[in-house]
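Down below is the structure, laid out as structure tokens.
All values reported here derive from a predicted model rather than from experimental measurement.
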Amino acid sequence: MTRPDDRVDPAWLPDEALRGVGARRVRVRGEGPLVDTVWAEVTYACREFGGSVVGEGTDCDLLLAVAADGDEGPEGFTLRRTARRTTVTAAAPAGLLYGFFHVVRLGEAAFAEAADETHRPALALRMLDHWDNVDVHPVMGQVERGYAGGSLFWRDGRARADLADLARIRAYGRLLAACGINAVAVNNVNVHATETHLLTDRFAEVTAIAAELRPYGIRTHLSVNFAAPRLLGGLDTTDPYDESVRAWWRETADRVYAAVPDFGGFVVKADSEGQPGPFAHGRSHADGANLLADALAPHGGTVHWRAFVYDHIQDWRERTTDRARAAYDHFAPLDGEFADNVILQVKHGPMDFQAREPVSPVIGALPRTRVAVELQATQEYTGQQRHVCALAPMWSEALTFRPEGESGPAVGQLASGGGLVAVSNVGDDAFWTRHPLAQANLYTYGRLAWDPAADPLRLLDEWAESTFSPDLSPDPERLRSGLRAVLHGSWATYEKYTAPLGVGFMVQPGHHYGPSVDGYEYSPWGTYHLADRDGVGVDRTRATGTGYAAQYAKAWADTYERVESCPDELLLFFHHVPYDHVLRSGSTVIQHIYDTHFEGVEEVAAARDVWASLTGLVAPARHARVAELYEEQLSGAREWRDHVNSYFLRKSGVPDAHGRRIY
């Protein structure tokens with residue numbers, strides 16, 4: 001097992017996490033590269049903690065075995081715990097790898113007698129998209145929406161190639177496998193000139209990255225430029241129906257799979273925010289996606305076609321155009337027209353990863369299309385990994401939402417044919433995610449991709465137990481309770497001091513960090529709150545507004561249509577209401593805005609103090625980094641509070657009922 005530089009934070013796989021395995025006699029049975037990975041992990045653990053890897057005919061405490069007659073599926077495993085032995089069996093090597101990491105997660109509990117358990121991932125594809133650029137982009141930098149340093153994969157215009165960098169890529173694959181992730185796209189969905197060449201003359205660099213991820217069962221994907229036949233192949237068209245274009249993609253796919261037989265496929269952003277696509281030839285998104293699907297099909301590859309398509313140069317004066325409607329309007333009519341190996345990648349909300357959005361109606365509108373739900377682990381609109389905002393509770397709300405009503409399937413079930421995808425929050429920072437507590441978002445994403453119905457707070461506790469090893473602390477219960485205090489309610493806290501009641505945005509244009517209430521109000525991006533002297537919010541009803549609410553199945557369309565039944569937390573997303581509108585809490589909209597923004601700052605201050613109290617219970621470097629970032633978060637929360645409250649006081653003329661200072 002290749003280990004990363006000791007200066008890199010071990011995240012949820014500190015050596016101590018291996019003690020339960022490493023202190024015992026362990027037998028590994030099976031063949032193949034992933035079994036070799038399990039064997040290497042066990043060997044390392046035993047060397048660290050005094051156990052031993054034993055052969056056949058020798059008694060063992062832990063048996064890890066590939067069993068040909070198993071029925072767990074390609075990635076599932078069965079855990080049996082008796083008084084004599086703990087056994088993990090899997091029908092395939094990938095299942096054995098995940099079973100091993102499950103035993104690591106359980107620690108000593110893995111060796112206590114218990115009923116048999118069989119674990120299978122609910123979603124076959126559990127993927128991360130890296131928005132990494134090979135070159136440093138003049139606007140987006142090395143990593144678009146990256147808040148943790150440079151790319152793990154690329155440096156100085158080339159793939160990282162020295163031994164320490166390769167070891168870190170492999171260590172990253174290990175972290176991902178340990179939380180259940182099995183696929184990675186290694187470059188930005190906005191494919192610039194250099195990145196376009198990764199598909200052809202620079203594919204050897206992708207091959208090298210894939211070699212480091214493969215030992216942990218991670219399949220590599222590549223974002224590609226729809227215009228590649230013209231830009232790279234010298235063709236004068238990119239029309240999906242042109243035979244020369246189709247032949248170019250087939251020949252290119254053949255070369256890709258000759259180099260990387262387990263290559264996952266292509267990620268495509270087309271006809272969106274200036275990226276080229278099939279619209280230039282009067283073709284549909286299905287035509288464009290199926291072109292690439294045809295090239296990949298002989299190799300078992302998939303096309304991830306992103307549904308983030310909208311008019312980004314709309315007129316702010318014209319209120320009938322609604323960015324929230326766009327994905328449904330584009331893709332719902334195409335249901336059933338996509339090839340079997342096309343996955344339509346749909347953002348979980350209709351706008352752009354806000355701290356609060358309704359679930360996208362597209363997810364429930366495509367019964368004949370494979371749909372992957374896209375989340376954003378990188379905290380673009382949720383504090384940019386300078387603020388603590390544990391996103392698992394938000395994601396869980398989306399994944400357990402039932403688009404057809406209470407009797408219908410949940411979003412997590414509807415994604416079973418396509419999978420779950422998240423934009424990565426990792427960079428070359430020593431703590432991987434800059435803010436050490438932001439590691440929880442990467443970990444819990446992987447665990448929710450394995451089981452979308454899992455309790456998000458339990459997963460946060462699971463991450464904390466693995467990462468901080470409270471049992472070794474001089475005060476384990478104080479450490480546990482402190483970590484819960486700063487993590488469990490952090491999303492709710494962040495929402496309180498930023499944009500209220502689902503209205504969204506109100507951020508600084510471009511970089512999206514910090515408050516600017518009118519920052520996008522008169523822009524072409526379609527991200528408006530429409531506050532005036534009388535009220536605030538966007539009318540998206542079918543009766544008097546943009547009609548967006550009617551894109552949902554009847555149960556939800558009716559709920560969102562009426563102010564009386566619309567959930568308060570989404571009120572301003574669906575309705576323009578007066579400031580004195582009374583919420584279910586009994587508070588008016590304007591007083592809710594004031595109260596929550598003051599409360600949010602108070603809660604950040606309290607969390608900062610809790611973290612400070614954990615000095616001596618957390619590794620000094622990790623504690624210092626978080627303490628420093630809490631000071632920035634508190635300053636930022638105050639700035640949000642004062643911008644938003646002052647804006648609405650001046651707009652409405654309604655004073656705070658409690659007489660607090662608003663500027």
Side-chain angles (χ1 to χ4, degrees), residues 127-132 140 143-146 185 187-192 195 221-227 265-280 284-286 288-289 292 302-314 321-335 338 342-355 357-366 369-382 395 398 411 415 418-424 504-505 507 510 512 520 523-527 548 551 573:
M127 184 170 173
L128 285 174
D129 280 357
H130 276 256
W131 287 356
D132 295 15
M140 297 302 180
V143 181
E144 184 171 336
R145 307 306 177 190
N187 65 306
N188 196 349
V189 294
N190 292 310
V191 184
H192 307 296
E195 290 78 20
H221 295 63
L222 188 69
S223 296
V224 299
N225 190 326
F226 190 81
F266 299 147
V267 178
V268 187
K269 178 179 178 179
D271 288 313
S272 175
E273 299 181 330
Q275 291 293 306
F279 284 0
S284 72
H285 284 286
L292 304 183
T302 56
V303 178
H304 285 252
W305 192 271
R306 296 184 79 237
F308 186 52
V309 178
Y310 68 99
D311 178 7
H312 71 289
I313 51 172
Q314 69 183 69
T321 302
D322 185 358
R323 173 170 167 173
R325 289 185 55 109
Y328 184 102
D329 287 343
H330 279 295
F331 290 97
L334 300 177
D335 186 34
F338 293 95
V342 172
I343 294 175
L344 192 63
Q345 195 162 302
V346 180
K347 289 188 177 185
H348 73 89
M351 295 294 281
D352 195 15
F353 302 127
Q354 298 302 291
E357 293 187 47
V359 170
S360 171
V362 181
I363 298 169
L366 299 167
T369 301
R370 297 175 67 190
V371 171
V373 177
E374 183 179 277
L375 310 174
Q376 191 180 47
T378 193
Q379 294 174 230
E380 180 178 355
Y381 297 100
T382 52
W395 295 335
V411 166
L420 203 63
V421 180
V423 184
S424 171
F505 288 89
V507 292
H512 299 162
Y520 279 104
S523 78
W525 293 95
T527 52
Y548 167 79
Q551 293 182 337
F573 190 93

Relative to the ring of His512, is the ring of Tyr381 parallel (under 30°), tilted (30 to 60°) or perpendicular (over 60°)?
parallel
Would you check, one step at a time, whether the test side-chain contact (heavy atoms from CB on, under 4.5 Å) holds for Val507 with Tyr520?
CA-CA 8 Å; Val507 292; Tyr520 279 104; 3.9 Å; yes
Going by the rule salt bridge (Lys or Arg N to Asp or Glu O under 4.0 Å), which residues pair with Glu195 if we only count those two or more places apart in sequence or in a different chain?
none
What one should report as the nearest heavy-atom pair of Val309 and Ala326 is O-CB, 3.3 Å
Nearest heavy-atom pair of His221 and Thr302: which atoms, and what distance?
NE2-OG1, 4.2 Å
Say whether, by atom type as modelled, one donor and one acceptor occur between the side chain of Thr378 and the main chain of Arg145 under 3.5 angstrom.
yes
Say you draw a straight line from CD of Glu380 to CD of Gln354; how long is it, rounded to the nearest 0.5 Å?
8.5 Å
Quick one: closest heavy-atom pair of Ser284 and Pro278, and the distance?
O-CG, 3.4 Å
So, for Ala227 and Pro276, which heavy atoms are closest and what is the spacing to 0.1 Å?
CB-CG, 3.8 Å
Can you check side-chain contact (heavy atoms from CB on, under 4.5 Å) on Asp129 and Gln345, steps first, answer last?
CA-CA 11 Å; Asp129 280 357; Gln345 195 162 302; 3.0 Å; yes
Interatomic distance, OG1@Thr369 vs CD1@Ile363, rounded to 0.5 Å, equals 13.0 Å
Is a side-chain donor or acceptor of Ser223 paired with a backbone partner of Val191 at a separation under 3.5 angstrom?
no
To the nearest 0.5 Å, atom CD1 of Ile343 lies from atom CD of Glu374 at 12.5 Å
Name the one of Asn190, Asn187, Val423 that satisfies side-chain contact (heavy atoms from CB on, under 4.5 Å) with Trp131?
Val423
Could you tell me how the ring of Phe331 sits relative to the ring of His285: parallel (under 30°), tilted (30 to 60°) or perpendicular (over 60°)?
tilted
Gap between atom NE2 of His348 and atom CG of Leu420 - 0.5 Å precision
10.0 Å
Indicate whether any N or O donor in one side chain lies under 3.5 Å from an N or O acceptor in the other, for Asp329 and Gln551.
yes
Using the six-membered ring wherever Trp is involved, compare the ring planes of His312 and Trp525 and label them parallel, tilted or perpendicular (cut-offs 30° and 60°).
tilted
Check step by step if side-chain contact (heavy atoms from CB on, under 4.5 Å) holds for Lys347 and Glu357.
CA-CA 11 Å; Lys347 289 188 177 185; Glu357 293 187 47; over 6 Å; no
Give the minimum heavy-atom separation between Tyr548 and Pro361, together with the two atoms involved.
OH-CD, 3.2 Å
Looking at every heavy atom in both Trp395 and Gln376, which two are closest together, and how far apart are they?
CZ2-O, 3.7 Å
Can you tell me how far the OH atom of Tyr310 sits from the CD atom of Glu273, to the nearest 0.5 Å?
3.5 Å
Report the distance from atom CG of Asp352 to atom CZ of Phe505, rounding to the nearest 0.5 Å.
5.0 Å
